[in-house]
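Worth knowing before you read on, the calculation uses all heavy atoms, side chains too, and leaves out hydrogens, waters and symmetry mates. Proteins come first, then strands; the chains are lettered A, B, ... in the order of their sequence lines, and each starts at number 1.
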There are 2 protein chains.
Amino acid sequence: MSQETNGMMEGWLALTQIQLSVAAKLEQELQSKHNWSLNDFYLLYFLSVAPDKKLRLQQLETMIGLSQSAVSRLVSRFEARGCGALRRHVCEEDRRSVYTALTEIGEAEVAAAYDTFIRVLRESLPERELEAAVETMLAVNAPASEANVSGD
Amino acid sequence: MSQETNGMMEGWLALTQIQLSVAAKLEQELQSKHNWSLNDFYLLYFLSVAPDKKLRLQQLETMIGLSQSAVSRLVSRFEARGCGALRRHVCEEDRRSVYTALTEIGEAEVAAAYDTFIRVLRESLPERELEAAVETMLAVNAPASEANVSGD
DNA sequence: TTATAATACATGCATGAGCATGCATTTAAT
DNA sequence: ATTAAATGCATGCTCATGCATGTATTATAA
């Protein structure tokens, strides 16, 4: 466990903590203000910026970063709430696929949730810590990592 | 959804994707090479760098970033495997607390897993994308964000 | 001392996630 | 045209997690 690997470790742990805590804050605010989970928001957001505001499940997988089954159920659950933000219909060019499309109601809701999202991001992102964590990792992993570049 | 907020969003999404994919790679390698989950590794790692190589559950909560119940069960499951890397004993100064201590067997296993961890981190960390994502977020969130600092 | 509150961990329960698999549809091979 | 393989989504199962709560211990108040 050398100096360098330790820096790499510290940087990664710090980055992970930051990601976790900001994501928790986002989840919390989206939940209380819009009754959405973070993944609900990602789902609707990616639809809102997609051409024709519709995507097949497969496309959502990589965007949201969930497994195929998880996306299938995420959309199912959301649709089952009956809030009318989503609509699913079989893709006519390939009847195996299913399109998930954003409705006008959904568009408005996404826009509102987006504002919340960005606000919380601005407020809760620990900029200095994030920059420090990343710099630590990059410095440690650089070719000439012999030099002591740590601030403290 | 202005230019600036969009940059913030893009940066956050990129950061999240990076964290997810690297964590998945770490999990995968730890699982195949050491039969540990990522949280298993974090647990044993934090013990290995703790004074006397032991910690109370409460201390592990914030370190690992899990709830109290999740940590309780994480330790329980690990101990229940009977691989002898962990030992739990009631804290004598405060009999409500439980110490989770690393054994010598555990120390050796952590050292091996640590090497794997750092190697995967070095190999799979997308440095340029990470730096770009963070810079995007910081630039967008900076006071003088009028200036166009985006590369494309 | 005794009663009340606070603390630390364990556990029942509900939920979301991944894996393996099933079903329907499309594509490729013959 | 027929058959086999591949693709896209749904679903049964298991498991890890968070919340609410229970239990044991310690701290505080009277």
Side-chain angles (χ1 to χ4, degrees), chain A residues 16-17 19-21 23-32 35-44 47 54-81 86-101, chain B residues 16-17 19-21 23-32 35-44 47 54-81 86-101:
Chain A
T16 300
Q17 289 281 6
Q19 212 282 335
L20 268 181
S21 70
K25 190 74 187 166
L26 288 167
E27 170 99 41
Q28 191 182 321
E29 285 287 300
L30 287 170
Q31 195 62 250
S32 66
N35 202 30
W36 283 0
S37 74
L38 191 49
N39 283 336
D40 287 336
F41 172 76
Y42 287 146
L43 167 62
L44 284 260
L47 289 176
K54 67 179 182 181
L55 289 169
R56 287 174 294 148
L57 292 196
Q58 189 195 5
Q59 301 176 278
L60 286 162
E61 278 182 48
T62 54
M63 292 177 174
I64 307 181
L66 285 177
S67 68
Q68 178 266 317
S69 61
V71 171
S72 174
R73 285 175 164 127
L74 178 64
V75 176
S76 291
R77 282 194 306 269
F78 203 102
E79 196 189 28
R81 290 189 208 166
L86 280 188
R87 209 175 331 118
R88 299 211 292 184
H89 60 96
V90 173
C91 171
E92 286 307 322
E93 309 101 66
D94 184 343
R95 298 178 52 81
R96 291 170 302 184
S97 288
V98 173
Y99 271 125
T100 303
Chain B
T16 300
Q17 289 280 7
Q19 213 280 334
L20 269 182
S21 70
K25 189 75 187 164
L26 288 167
E27 171 99 41
Q28 191 181 321
E29 286 287 300
L30 287 170
Q31 194 62 251
S32 66
N35 201 31
W36 282 0
S37 74
L38 192 49
N39 283 336
D40 286 337
F41 172 75
Y42 287 146
L43 167 62
L44 284 261
L47 288 176
K54 66 179 184 181
L55 290 168
R56 287 174 295 147
L57 293 196
Q58 187 195 5
Q59 300 176 279
L60 285 163
E61 277 180 46
T62 53
M63 292 177 176
I64 305 182
L66 286 176
S67 69
Q68 179 265 316
S69 62
V71 172
S72 174
R73 284 175 164 126
L74 179 64
V75 176
S76 292
R77 283 194 305 270
F78 203 102
E79 195 189 27
R81 291 190 207 165
L86 280 188
R87 207 176 332 119
R88 300 211 294 181
H89 61 96
V90 174
C91 171
E92 286 307 322
E93 309 100 66
D94 184 343
R95 298 179 53 81
R96 291 169 301 185
S97 289
V98 173
Y99 272 125
T100 303

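Not one N or O on the side chain of S72(B) forms a donor-acceptor pair closer than 3.5 Å with the backbone of Q68(B). Between the side chain of Q59(B) and the backbone N or O of R56(B), at least one donor-acceptor pair lies under 3.5 Å. Side-chain atoms of Q17(B) come within 3.5 Å of backbone atoms of M63(A) as a donor-acceptor pair (strictly under, hydrogens ignored).
Of the candidate nucleotides dA17(C), dA10(C), dC13(C), dA10(C) has the atom lying nearest to any side-chain atom of R88(B).
Here dA16(D) presents its P atom at 14 Å from CG of L43(B), a figure rounded to the nearest Å. Atom CD of E79(A) is separated from atom P of dC9(D) by 14 Å (rounded to the nearest Å). Distance E61(A) CD to dC19(C) P: 11 Å, rounded to the nearest Å. Taking atom CD of E27(B) as the reference point, atom P of dC15(D) lies 15 Å away to the nearest angstrom. Y99(B) has its OH atom 12 Å from the P atom of dA8(C), to the nearest Å. The distance between atom CH2 of W36(B) and atom P of dA16(D), rounded to the nearest whole Å, is 16 Å. Summarising the geometry, the separation between CG on D40(B) and C1' on dT17(D) is reported as 14 Å, rounded to the nearest angstrom. We find that CG of N39(A) is positioned 13 Å from C1' of dT15(C), with the value rounded to whole Å.
Between L44(B) and W36(B), the closest side-chain pair of non-hydrogen atoms falls below 4.5 Å. Within the 4.5 Å cutoff, no side-chain heavy atoms of L74(B) are placed close to those of L60(B).
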So which protein N/O to nucleotides 21-26 of chain C N/O distances come out below 3.5 Å?
residue, atom, partner, partner atom, Å
dT26(C), OP1, R95(A), N, 3.2

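Shown are R88(B), Q58(B), H89(B); of these, the side chain to side chain contact (heavy atoms under 4.5 Å, CB included) with V98(B) is made only by R88(B).
Residue whose closest nucleotide on DNA chain C sits further toward the 5' end, between S69(A) and A70(B): A70(B). Nucleotides of DNA chain C nearest to L74(A) and S72(B) differ in position, and the one nearer the 5' end is that of S72(B).
Among the heavy atoms of the strands lying under 4.0 Å from R73(B) is at least one base atom, whether or not backbone atoms are also near.
Residues satisfying the salt bridge (charged side-chain N to carboxylate O under 4.0 Å, His left out) criterion with E29(B), sequence neighbours excluded, are K33(B), R119(B).
OP1 and OP2 of dA14(C) both lie 4.0 Å or more from every side-chain N or O belonging to R77(A).
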